[in-house]
Amino acid sequence: MISISILLLIIIPLVVAFLIPLLDLYNKLLRRYLVIIGGVIEISISIYIIISYFSDLKAGKFFLTYYLGGWGPPFGINLVMDSVSLIFSSLISFALFFIIIYSIGFIGHHEGKYYVLFFLILGAMQGAILTGDMFNLYVFIELLTVTSAPLVAFKRNKHATEAAIKYMFYGVIGGLFFFVGVILLYFNIGSLNMAQLAQHFAEIENNMQLTIISIFLIGLLIKIGIFPFHFWLPKAHSACPSSLSALLSGVLLKVYLYIFIRLFWIVIGFEFLLEFNIASFLVYLALVSSLFGHVFALQASDIKRMLAFSSIGHIGMILAVFLLNTETGFYGGLLHIISHLLMKTGLFLSTGYLLQYTKSNHIDDFAGVGHQNKGIFVGFILLTLSMIGMPPFIGFFSKWYIIMAFLKIQHHFGAIVVVLGSLSAVFYYLRFIAKGYEKIKLSASDLKNEIYNRPILSVFYREKLVTTVIYIFVGMIILTGFSFRLFELPLQEGIKELINPQNYINLILGG
Amino acid sequence: MLHHLVFTVLFLLGLYTVIYKNNLIKMVIGLNIMEIAVFFWVIAVSDTGKSVPIYHLNKFAASFNDPVPQALTLTGIIIGASTTALLLTFIIELNKFADTIDSNKLEGLNE
Amino acid sequence: MLPAVTDNNLVQIMIITGILVTLLTIIYAWKKLKKNKIYFVMLTIIYLVSFIIVIGTDKWIVFLGGWEFVTLTTSLMFAWDDWKLVKQYFLIQFAGSSILLYAVLVIINNGYAEVGIINSTFLQNILIVGLATKSALFGFHFWLPAIYANSSGLVNAISSGWVVKLGYIILLKVIIPEQGNALLFYAGILMLIYGGVKALLEVKLKVLMAYSTLSQLGLIAIGIGSGTVYGYYGAVLHIIIHALTKTGFFINLDDIINKSGTQNIYELAARFNYSLFKIITIFGFSFSLSGVVFLAGFNSKYLIKNSLPGPLLLIIFYLGGLLTFLYTLRLLYWLFIFQGKQKAFLLRLNNYKINFSIDLFINIPILLIILLLGNYPDLLNYWLPALDSFSFPLGSGIGETILYLLVAYLILEKLNWVRTKEKEYLEIDVLFNKIEVLLNKIGKASLKFDTEKIVEHYFLRGIYKLSGKTHDFIYRSFSDQLSWIPLFLALLLAWRYLV
Amino acid sequence: MKKFLVGLLFIGLAFLLLINFAELPEEKLITFSLSDYYIGFGLEQTGALNLVTAILYDYRGFDSLGESTVIFAAVSGIVLILSRKMLPVSSHGLSFIVKRTLGILTPFIALFSLYVITHGHLTPGGGFQGGVILAAISIIFSIVYGSAFDYKRYSPELKTTFETGGALVFIIIGGLGILFDGFFLDNLDFLTHSPGTLISAGSIPLINIGIGFKVGAGLAIVFYSMIQKTFGEEF
C-alpha cells in the first residue's frame with residue numbers, strides 16, 4: 001500500500017530543521033513555536049498511521065511503502081513500514097516529542113542550533129528505520145553520527161569535546177565498515193534494494209557471504225556499543241546535556257539495534273549466521289558485554305556515566321536475546337526495547353533535572369538531592385525500580401520474558417547474566433538513592449559556593465513543564481506495566497515478519 | 001588483484017595511523033586515508049575498462065562502466081568531508097581547552 | 001486414605017489467617033505509630049492485597065509480581081525504623097526474588113505453566129532453593145536475626161508472622177502430600193535443631209524470637225517434606241497457629257521493649273510489675289509455641305510427630321521439642337521469675353502500664369483462638385476435612401507435657417538458666433568478616449563490622465573496588481581501546497579457518 | 001614486544017583482507033542489475049547525459065537529500081561548536097597586484113563554478129562540485145583581501161540564508177514532484193527539452209543549482225568558523 005504519510009515522517013523534521021535558521025534571522029522567539037508544531041505534526045502522523053491502518057494491523061497485513069521519485073522498488077529508493085518499523089517509528093515520535101518539550105525548559109544557550117541538530121536526528125532516525133534501500137541506510141547512519149557528535153560536544157568544555165572526538169572516531173570507522181559492506185553487497189549482487197539483496201544473498205559463494213557478514217558486524221557492533229567497542233559510549237552519553245543523553249541512550253541505541261535486526265534477519269538472513277556458527281559466538285559476546293556493562297556501572301561515581309554503563313548492559317541483553325532467534329526471544333527483546341526506551345529516557349530526564357541542584361555529576365555532590373525536589377526524586381526512584389525489574393512496572397515483564405526466552409532453549413548462562421544484571425542494578429541504583437536521601441547541612445559559604453558554581457545549564461525556569469514530562473514517562477512505565485498486552489498485536493506481527501522474511505521480499509518485489 | 005592489494009595496504013596504513021599515532025590531526029589524516037582507500041577501491045573495482053558513463057552529444061557509446069559505484073562514492077566523499085570537518089572542529093576546540101592535541105596527554109580520551 | 005486438602009480450601013484458610021494476622025498488626029500500628037500512620041496503614045493494605053494475590057493466584061507471573069510487591073511494601077515498612085534497614089532488607093529480599101524468578105522460569109519451561117502440583121523432585125528442589133532466601137530456609141536464614149535485631153516489633157510481627165510463611169504455603173500447593181520432599185525434610189530438621197540451640201543461647205530478645213521462628217519454620221518444613229498426610233495437615237495447622245502466636249508474641253514483646261528501652265533479657269528480668277492478664281497471655285503464647293497440651297500448638301506438633309518414619313528421627317524430633325521448651329521456659333524465667341541480684345524492690349515499683357487496646361483487641365482473640373483450636377481442632381473441618389478423622393490423645397499429651405516440663409526444668413536448673421554473654425556481632429557479621437579476611441587485599445583496614453553497615457561496607461570495599469579494577473583493566477589508553485578493532489576484524493575474517 | 005605483536009596483527013590482517021576481498025566476483029549475480037537498468041534507460045527516462053548525475057539526482061535523489069542534509073548538519077555543528085562572533089583581522093591582505101589580479105579573476109571563477117553547477121546533467125560535475133568552487137572564491141577573498149573584507153561583504157546571515165535556502169529548494173522541488181506527478185522527488189515534466197541541451201533533464205538542473213549554492217555557502221561558513229579566534233568564552 002503506497003502511503004505518503006511515511007515519507008512525511010522523514011521530511012517534516014528535515015523541513016523544520018531547515019526552517020529554524022531562517023526563522024532565527026527574523027525572530028528568535030518564534031523558534032519554539034515552530035519546534036513544538038514540528039513535534040506535534042510528527043506525533044500526529046504516527047497516530048494517524050496507527051489509527052487509519054489499524055484494521056490492516058489486526059488482519060496481519062500491515063504494510064506501507066512509498067516510492068521516491070516514482071521509481072519502483074528494485075531501481076529506485078523505497079520507504080517501507082511494516083509492523084517492526086511501526087513500533088520503532090511511533091516510539092521514536094513519542095519519545096522525541098516529549099524530549100523536545102523537556103528541552104524547551106532545559107537548554108539554555110544556542111537553542112537554535114540545538115533544535116536544528118535535534119530535528120535532523122529525528123529525521124535521520126525515522127529515515128534509517130523506514131528506508132528500504134541499503135545505501136540510503138548508510139547515508140542516514142552517517143547523518144546520525146554527524147548530527148549527534150556536535151550535540152555530544154554541546155557543553156563546550158574539555159570533557160565534552162574529548163567525548164565528541166572519541167565518538168566521532170568510532171562512529172566514522174563504524175560507518176566506513178558499513179559502507180564497505182554495502183559496496184560488497186552491490187558488487188556481488190548488483191542491487192541496493194534490501195528485498196532484492198535478501199532474495200539473492202543465498203546465491204553468493206560461501207566465503208564471500210562470511211566476509212560480508214564480518215564487515216557488517218564490525219560496523220554495527222561499533223555503533224551499538226557491544227563490549228570490545230563500547231569505549232565511546234559512556235563518555236559520549238554522559239558528557240552531553242541530559243536531554244541529549246536521554247536521546248542517545250534511550251532512543252538512538254534502539255535505532256541501531258533496529259538496523260542490526262533489519263540487516264541480519266531480513267537482508268542477510270539469520271540462517272547464515274547459524275551456518276557459520278557466528279550466532280552463538282555473538283550471543284556470548286553480547287552477554288559478556290552486558291555483564292561488563294553492569295560491572296562497570298557498579299564502580300561509576302558519575303551518575304550519568306553509571307546510567308550509560310547500565311545502557312550497555314541492557315543493550316547487550318537485548319541483542320543476545322534477539323540472537324537466540326526464537327519467538328519468545330523476539331517477544332522479550334522487542335518488549336524490552338520498548339520498556340528500556342521509556343525507562344532510560346525518563347531516568348536521564350529526571351537525572352538531568354536533579355543535577356541542576358548539584359555542582360557536578362559526582363556522587364558526592366548528589367547528597368541531599370532527594371530533599372531538594374521530592375517529587376522528581378520519587379519519580380527517579382520509581383524509574384529505577386522499573387529498571388531493576390519490579391512489578392507493576394514494565395521492566396518486570398520484559399525481564400520476565402527475556403529470562404523465559406533464555407531458559408526455553410536451556411541457555412542458563414544468559415538467564416543468569418540477566419538476573420545478575422538486575423541484581424547489580426539494585427546495588428548501583430541504591431547507592432545513588434541512599435546518597436540522594438542523605439541529609440546535608442550547608443554552611444553559608446558552602447551555600448554561596450553551591451549557587452555560584454552551578455553548571456552553565458542550570459535553568460530553573462519552566463519547572464512545571466519539565467516535571468510534567470518526567471511524570472509522563474513515570475506514568476507510561478506504570479501504565480504499560482499494567483497493560484503491556486497492548487503491544488501484543490504489533491509485537492506478534494513483528495515476530496512473524498522476523499521469522500519469515502520471505503514475506504517482506506514478496507511484498508516489496510511482488511506487489 | 002592489484003587494486004585489492006593497494007586497498008589493503010592503504011586501508012591498514014590508515015587504520016594503523018588512527019590507532020597508534022598520538023597526534024590527533026594525524027589520526028584524522030589516518031581516517032581520511034582509510035576513506036580514500038575504500039573510495040579508490042570502489043572506483044577501481046567498478047572500472048572494467050569501458051567508457052565513462054556519460055553520453056556524448058553525438059556518439060552514443062555502446063558500453064559504459066558501472067555508474068552506480070561512482071555515484072555512491074561521490075556521496076561517500078561528501079560525507080567523509082563533512083565528518084573530517086567536524087572532527088577538525090572538535091580538535092580546534094579541544095586545543096583551546098587542553099592546549100595540546102597529543103592523545104597521550106589527554107587523559108580524558110582514555111576513560 | 002485420608003482426604004487431602006483441596007487447593008481451594010487451603011487458599012481460603014490461608015487468606016483468612018493472613019487477613020486476621022494483618023488486621024491485628026494494623027491495630028497495633030495504629031496504636032503505636034506517631035507520625036505518618038495513615039501511610040503505614042495504606043502500605044499494609046497494599047501488602048495485604050499482594051499477599052492475597054500471591055496465595056490465591058495460579059499464574060506464575062502474577063504470583064511473582066505479587067511477591068515482589070510484598071517485598072517492596074515490607075521493606076518500605078522498615079522506613080519507620082531506619083532507612084538503612086530498608087536498603088538491607090530490600091537487597092537481600094531482591095536477591096531472593098531474583099533466584100526465585102530464575103527457579104520459577106525454569107519450572108515454567110519444564111511444562112508447569114500454572115502454580116500447582118509439580119511432579120518432579122528436581123523441579124521441586126529448584127523451587128525450594130528459589131524460595132530459600134525468602135522463607136529463611138537453613139543456610140539462607142542469615143538475614144533473619146540481623147534484620148530483626150534492629151527493627152521494631154511491628155515489622156517483625158508482619159515479617160515473622162506471615163511473610164516468611166508465604167513460601168511454605170506455596171510449597172504446600174506444589175508438593176504432593178503423599179510424596180513429600182527429602183531436601184525440605186532434612187532442611188527442616190536442621191532448622192529445628194539449629195534454631196532451637198541458637199535461641200537457647202541468645203540474649204537479645206528479638207534475636208531469640210528470630211531463632212525461635214527459624215526453629216518453628218523447621219517444623220513446618222518437616223511436615224511438608226515428610227510425605228504423609230499427617231505431616232501435611234500438621235504443617236497447615238502449624239502455619240495458622242504459629243502465625244497467630246508469633247504475631248501476638250512480637251507485639252507484646254515490642255511493647256515491653258519499648259517501655260524498658262532494652263532488649264537484653266537479663267536487664268529485662270523482673271523489671272516490671274506485670275498485670276496478671278499479661279503474664280497469662282505471654283505464658284499462653286509460649287506454651288502454645290512449645291506445644292503444651294490443651295493449647296493449639298500441641299495438635300499441630302502431634303500431627304507432625306506422627307508423620308515421622310523412623311525412631312532416630314523421632315528422637316531428633318523429641319530433642320527439638322525439648323529445645324523449644326528449654327528456650328521458652330528460659331525466656332519466661334528471665335522475664336517474670338528471676339529476681340536475683342537486681343535491686344528488685346525499686347525496679348518493681350515500676351508498674352507495667354496496661355495497654356488495654358492491645359489486651360482487648362489482640363491478646364484476647366489470639367488466646368481464645370489458641371484455646372479453641374487446642375481443644376476443638378475440628379472447628380476447621382470446613383477447610384481441613386480430614387481433621388475429623390484424627391484423634392488427639394489427650395492422655396499421652398498430658399504425660400508428654402509434664403515430662404517435657406520436668407526435664408526442661410531440671411536441665412535449666414542445672415545450667416543455671418543459661419546465662420550467656422551478649423554477642424558483640426551477629427553471625428552474619430562473623431561470616432562477612434571471614435570473607436573479608438580471605439579477600440584482605442581488597443580492604444586495607446580491619447574494620448569492625450557494624451550491622452548497620454554490612455551492606456554499605458561490603459559493597460564499597462568489595463564489589464566497588466573489584467569492579468573498579470575490572471574497569472581499569474579494560475579501559476586502557478585510547479590506542480589500546482582502538483586496537484580492539486583490527487583484532488576483532490582479524491578474528492572475524494579468519495573465522496572460516498577457526499570454526 | 002608490543003610492536004612485534006602489532007606488526008604481526010597488521011600483517012595477518014593484510015593477508016586476511018587480501019584473501020577475503022580477492023574472492024570478489026567479476027560478474028554480478030543479477031542478470032539485469034541496477035547499472036544495466038540505469039545505462040539502458042537512464043537517458044530516456046531522465047534526459048540527463050551524465051548518468052552519474054541522473055542517478056544522484058533522480059533515481060537516488062533521496063540519497064542526495066540525505067547527503068546535503070549531512071553537510072547542513074556538519075555546518076550547523078561546526079557553527080555551534082565554534083561560534084565566537086569575533087573575527088580576527090588577519091591582515092590587510094596581500095599586495096595590490098594580487099588583489100587586483102584576483103579582482104579580475106573572480107568573475108571567471110564564479111562563472112566556472114556556475115558552469116559546473118548548471119551543466120551537471122551534461123558533463124562531469126554538478127551541485128556539489130560547483131559549490132566547492134563557489135566556496136573557494138570566498139576563501140581566496142579572505143586570504144587576499146583579509147578576512148574582514150569578505151565578512152563585511154557577504155554577511156553570515158546571507159550565507160545562512162543561502163545554505164538553508166538551497167536545502168529548502170531541494171525539498172520544495174521534491175514536493176512539487178508530489179503535486180505534478182504524484183511522487184516525492186519525481187522528475188518534473190516541464191523544462192524538458194531534447195537531451196543534450198542546457199534546459200533539459202527536468203528538475204535535475206534546478207536541484208543542482210540549489211545544492212550548489214547550499215554547498216558553497218556551507219563550506220564558506222565552515223571556513224570562517226574555523227579561522228575565528230578565541231576571545232574568552234561566552235555562553
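Just so it is clear: chains get the letters A, B, ... in the order the sequence lines come, proteins before strands, and each one is counted from 1.
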Exercise. Is it the side chain or the backbone of D:I178 that comes within 4.5 Å of chain A heavy atoms, both, or neither?
Worked result: side chain

Exercise. Would the number of heavy atoms belonging to other residues, nucleotides or ligands and lying under 6.0 Å from CZ of D:F32 be above 12?
Worked result: yes

For this session: Could you grab the distance from atom CG of A:L144 to atom CG of A:L122, nearest 0.5 Å is fine?
Result: 10.5 Å

Seminar exercise, completed: Bottom line for A:I189: the part with an atom under 4.5 Å from chain D's heavy atoms is both

Return a table of donor-acceptor pairs under 3.5 angstrom between the side chains of residues 166-173 of chain D and protein atoms on other chains or two or more places apart.
none

For this session: Under 4.5 Å heavy-atom distance to chain D, tell me which part of A:Y186 shows up: side chain, backbone, both or neither.
Result: both

Seminar exercise, completed: Most heavy-atom pairs under 4.5 Å with chain A, out of D:G175, D:G165, D:S76, D:G174, belong to D:S76

Exercise. What distance do A:N188 atom CG and A:L197 atom CG have between them, rounded to the nearest 0.5 Å?
Worked result: 10.0 Å

Problem set entry | A:E162 bridged to A:K158 by N-O distance under 4.0 Å | yes

Exercise. So what's closer than 4.5 Å to chain D heavy atoms on A:L143: side chain, backbone, both or neither?
Worked result: both

For this session: Answer with side chain, backbone, both or neither: which region of A:L185 has an atom nearer than 4.5 Å to a non-hydrogen atom of chain D?
Result: neither

For this session: Just grab all the salt bridge (charged side-chain N to carboxylate O under 4.0 Å, His left out) pairs involving residues 12-22 of chain D, residues at least two apart or on different chains.
Result: none

Problem set entry | A:L7, part contacting chain D, at a heavy-atom distance under 4.5 Å | side chain

Exercise. Using non-hydrogen atoms only, which part of A:I2 is less than 4.5 Å away from chain D: side chain, backbone, both, or neither?
Worked result: side chain

Exercise. For A:I4, is it the side chain, the backbone, both or neither that has a heavy atom under 4.5 Å from a heavy atom of chain D?
Worked result: side chain

For this session: Specify which of A:G123, A:G76, A:P150 makes the most heavy-atom pairs with chain D at under 4.5 Å.
Result: A:P150

For this session: Name the member of D:T160, D:T164, D:I30, D:V70 that forms the most heavy-atom pairs with chain A at distances under 4.5 Å.
Result: D:I30

For this session: Apply the test side chain to side chain contact (heavy atoms under 4.5 Å, CB included) to residues A:V255 and A:I129: give CA-CA distance (whole Å), side-chain angles for both, the deciding distance (0.1 Å), then the verdict.
Result: CA-CA 7 Å; A:V255 175; A:I129 280 171; 4.3 Å; yes

For this session: For side chain to side chain contact (heavy atoms under 4.5 Å, CB included), just list the numbers for D:F21 and A:F187, CA-CA rounded to whole Å, side-chain angles, deciding distance to a tenth of an Å, and then say yes or no.
Result: CA-CA 11 Å; D:F21 279 64; A:F187 280 153; over 6 Å; no

For this session: Could you tell me which portion of A:I215 (side chain, backbone, both or neither) has an atom closer than 4.5 angstrom to a non-hydrogen atom of chain D?
Result: side chain

Exercise. For A:F75, is it the side chain, the backbone, both or neither that has a heavy atom under 4.5 Å from a heavy atom of chain D?
Worked result: both

Exercise. According to the salt bridge (charged side-chain N to carboxylate O under 4.0 Å, His left out) rule, which pairs have a member within residues 160-174 of chain D, sequence neighbours left out?
Worked result: D:E163-D:K214

For this session: Tabulate, in ascending numerical order, the residues of residues 57-67 of chain D having at least one heavy atom closer than 4.5 Å to a heavy atom of chain A, or enter 'none'.
Result: D:D58, D:Y59, D:R60, D:F62, D:D63, D:L65, D:G66, D:E67

Problem set entry | Working for ring-ring contact (aromatic ring centres under 6.0 Å, His included), residues A:F119 and A:Y115 | CA-CA 6 Å; A:F119 271 88; A:Y115 287 126; 7.0 Å; no

Exercise. Relative to chain D, which segment of A:D24 carries a heavy atom at a distance below 4.5 Å: side chain, backbone, both, or neither?
Worked result: neither

Exercise. Which residue, A:L137, A:V139, A:I259, forms the side chain to side chain contact (heavy atoms under 4.5 Å, CB included) with A:T131?
Worked result: A:L137

For this session: Measure distances from A:I77 to the heavy atoms of chain D and classify the residue's part below 4.5 Å as side chain, backbone, both or neither.
Result: both

Exercise. Tell me, side chain or backbone of A:Q199 under 4.5 Å from chain D's heavy atoms, or both, or neither?
Worked result: neither

Exercise. Between A:F216 and A:F178, does a ring-ring contact (aromatic ring centres under 6.0 Å, His included) hold up when you go through it step by step?
Worked result: CA-CA 6 Å; A:F216 271 125; A:F178 197 89; 5.1 Å; yes

Problem set entry | Atom of D:L134, atom of D:G216 and distance for their closest heavy-atom approach | CB-CA, 4.2 Å

Problem set entry | A:T161 side, atom OG1; A:K166 side, atom NZ - distance, nearest 0.5 Å | 14.0 Å

Problem set entry | Heavy atoms of other groups near A:E205 CD, more than 12 under 6.0 Å | yes

Exercise. Who among A:I121, A:L192, A:T147 has the most heavy-atom pairs with chain D under 4.5 Å?
Worked result: A:L192

Exercise. Given the options D:T69, D:L17, D:I78, which has more heavy-atom pairs under 4.5 Å with chain A than any of the others?
Worked result: D:T69

